[in-house]
Visitor: 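One structure coming up, written as structure tokens, with questions to follow.
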Protein chains: 2
Amino acid sequence: MNVQEAMQRLKDKGYKYTDKRQDMLQLFSDESRYLAAKDVLEAMQKEHDGMSFDTIYRNLSLFTDLGILEGTELNGEKRFRFSCSVDEHHHHVICLDCGKTKHIHHCPMDDEPVRSSGFEVVGHKFEIYGYCEECKAPAAQ
Amino acid sequence: MNVQEAMQRLKDKGYKYTDKRQDMLQLFSDESRYLAAKDVLEAMQKEHDGMSFDTIYRNLSLFTDLGILEGTELNGEKRFRFSCSVDEHHHHVICLDCGKTKHIHHCPMDDEPVRSSGFEVVGHKFEIYGYCEECKAPAAQ
DNA sequence: ATAACTGCAAAAAGTTTGCATCCAT
DNA sequence: ATGGATGCAAACTTTTTGCAGTTAT
């Protein structure tokens, strides 16, 4: 997923392509990591003066519905990143400090114990939390 | 983990063993599934009249700190169940309807891609969401 | 022109906290 | 008696929503 594709998807669905949406998409493109709503607001307010949480949340929600962003939840707050799950099934190692991710190309979902659990599986989360090499030393939790 | 063990752990640490705590522990023992704070409050108010969220939250937090309960987060709300991770490392299939769980005895954490990610790993979440056999038919999302 | 977008203000849901009182030890 | 436990009320955080005005198509 990139800004071009995202823009096209918005247009195709009849949604408008505003400056703020473009800048939000560009932000997620530049920062390929999980951002919280407040991170997005902070970054956006540098360019757009009256920028409010409402718009951030509404667009995060729209983008997620359209498959442009993918979300997760950490410590009670939702975080989003440019969608990359579409390309190939994988999971993330996520830095608890900056939200940076690395991919894990292994899916434990195919295993026998899962299939035989009797549950109708609708989703799953395989996420590993830690500190990336940059955040390891200084922050260390 | 069971009510006896939990009680002992409280005493060892100098915490008091109150009726409400006993009943909370008993609830988690009876219902071996993930409960939200509001589930606990609802159940507790049948026995204890003025029972408030404050006490529920304070005790959920204390029990978790002491390793009596383990928590997860689903749709923006925290859920807890009697701790079972201590016995042996495993993960859960969780029913999105009732919170019932089944264990998955497979840990994808040992895999090479994880070890070589360069992250200092401090935790992970491998959870599978779905509907258990009882909740499958009636609710179906 | 019109349907979507936005900011404002208010509300909502879940959780936490200060304080005075109460109770287990 | 003493320090932990509790209820009350209020605050807090994150997210959502109604409304009226604005903007992209």
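Being a predicted model, the structure only gives us computed values, none of them experimental. Quick note: numbers below take in every heavy atom, side chains included, and nothing from hydrogens, waters or symmetry partners. We name chains A, B, ... by the order of the sequence lines, and we start the count at 1 in each one.
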Visitor: Taking atom P of C:dC5 as reference, at what distance in whole Å does atom CG of A:Asp23 sit?
Guide: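 Computing the A:Asp23:CG to C:dC5:P distance gives 16 Å.
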Visitor: If I take atom CE in residue B:Met44 and atom C1' in nucleotide D:dA5, what distance separates them, rounded to the nearest angstrom?
Guide: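 Spelled out: CE on B:Met44 to C1' on D:dA5 is 13 Å.
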Visitor: Hey, which of A:Phe63, A:Phe28, A:Phe82 is the one that makes side chain to side chain contact (heavy atoms under 4.5 Å, CB included) with A:Met1?
Guide: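 Among the candidates, only A:Phe82 passes.
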Visitor: Over how many whole Å does the gap from B:Leu35 atom CG to C:dG14 atom P extend?
Guide: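 Rounded to the whole Å, the gap is 15 Å.
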Visitor: Donor-acceptor check, side chain of B:Thr64 to backbone of B:Leu60, threshold 3.5 angstrom: yes or no?
Guide: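 Pair found, side chain donor or acceptor close to backbone of B:Leu60.
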Visitor: Determine: side-chain N/O of B:Thr55 to OP1/OP2 of D:dT6, distance under 4.0 Å, yes or no.
Guide: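 Checking D:dT6 against B:Thr55, no side-chain N or O comes under 4.0 Å of OP1 or OP2.
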Visitor: Is the phosphate of C:dT16, meaning OP1 or OP2, less than 4.0 Å from a side-chain N or O of B:Lys78?
Guide: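 True: B:Lys78 side-chain N/O within range (under 4.0 Å) of C:dT16 OP1/OP2.
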Visitor: For A:Gln45 and C:dT6, what is the distance between atoms CD and P respectively, to the nearest whole Å?
Guide: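 Rounded to whole Å, this separation is 15 Å.
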Visitor: Can you say whether a donor on the side chain of B:Asp54 sits under 3.5 Å from an acceptor on the base of D:dA9, or the other way round?
Guide: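 Indeed, a donor on one side and an acceptor on the other fall under 3.5 Å apart.
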Visitor: Round to a whole Å and report the spacing from CD of A:Gln22 to C1' of D:dT25.
Guide: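 Going from A:Gln22 (CD) to D:dT25 (C1'), I get 16 Å.
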Visitor: Less than 4.0 angstrom between a side-chain N/O of B:Tyr57 and OP1 or OP2 of C:dT15, yes or no?
Guide: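 So the side chain of B:Tyr57 is within the cut-off, an N or O lying under 4.0 Å from OP1 or OP2 of C:dT15.
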Visitor: Quick one: on DNA chain C, does B:Arg58 or B:Asp19 contact a more 5' nucleotide (nearest heavy atom)?
Guide: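 Nearest nucleotide further toward 5': that of B:Arg58.
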Visitor: What is the separation between atom CZ on B:Phe80 and atom P on C:dT15, rounded to the nearest whole Å?
Guide: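 Rounded to the whole Å, the gap is 7 Å.
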Visitor: Under 4.0 Å: is that the gap between some side-chain N or O of A:Lys20 and OP1 or OP2 of C:dG7?
Guide: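 Answer yes for this pair, as a side-chain N or O of A:Lys20 is under 4.0 Å from OP1 or OP2.
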Visitor: Nearest 0.5 Å, what's the CD-CD1 distance between A:Gln45 and A:Ile56?
Guide: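 Rounded to the nearest 0.5 Å, the CD-CD1 separation comes out at 7.5 Å.
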Visitor: Record whether the side chain of A:Asn59 comes under 3.5 Å of the base of C:dC5 through a donor-acceptor pair of N or O atoms.
Guide: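 No such pair is found, so the answer is no.
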Visitor: With a 6.0 Å cut-off on the ring centroids, do A:His103 and A:His91 count as close?
Guide: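 Aromatic pair excluded; centres sit 6.0 Å or further apart.
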Visitor: B:Thr18 side chain N/O closer than 4.0 Å to the phosphate oxygens (OP1, OP2) of C:dC23?
Guide: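 The answer is no; no side-chain N or O of B:Thr18 sits under 4.0 Å from OP1 or OP2.
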Visitor: Return whichever of B:Ala37 or B:Tyr15 has its heavy-atom-nearest nucleotide of DNA chain C closer to the 5' end.
Guide: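 Comparing both residues, the 5'-ward one is B:Ala37.
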Visitor: Output the single nucleotide from D:dT15, D:dC8, C:dT15 whose closest atom is nearest the side chain of B:Phe53.
Guide: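 Nucleotide nearest to B:Phe53's side chain: C:dT15.
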Visitor: Between C:dA4 atom P and A:Leu66 atom CG, what is the distance in whole Å?
Guide: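 Going from CG in A:Leu66 over to P in C:dA4 covers 13 Å.
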Visitor: How close or far is atom P of C:dG7 from atom NE2 of A:His48, stated in whole angstroms?
Guide: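 Taking NE2 of A:His48 and P of C:dG7, I get 9 Å after rounding.
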Visitor: Quick one: which of C:dA3, D:dG18, D:dA5 gets closest to the side chain of A:Lys16?
Guide: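 Looking only at heavy atoms from C-beta outward on A:Lys16, the closest nucleotide is C:dA3.
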Visitor: Verify side-chain contact (heavy atoms from CB on, under 4.5 Å) between B:Met44 and B:Thr55, making sure each step is shown before the conclusion.
Guide: CA-CA 11 Å; B:Met44 292 291 291; B:Thr55 302; over 6 Å; no
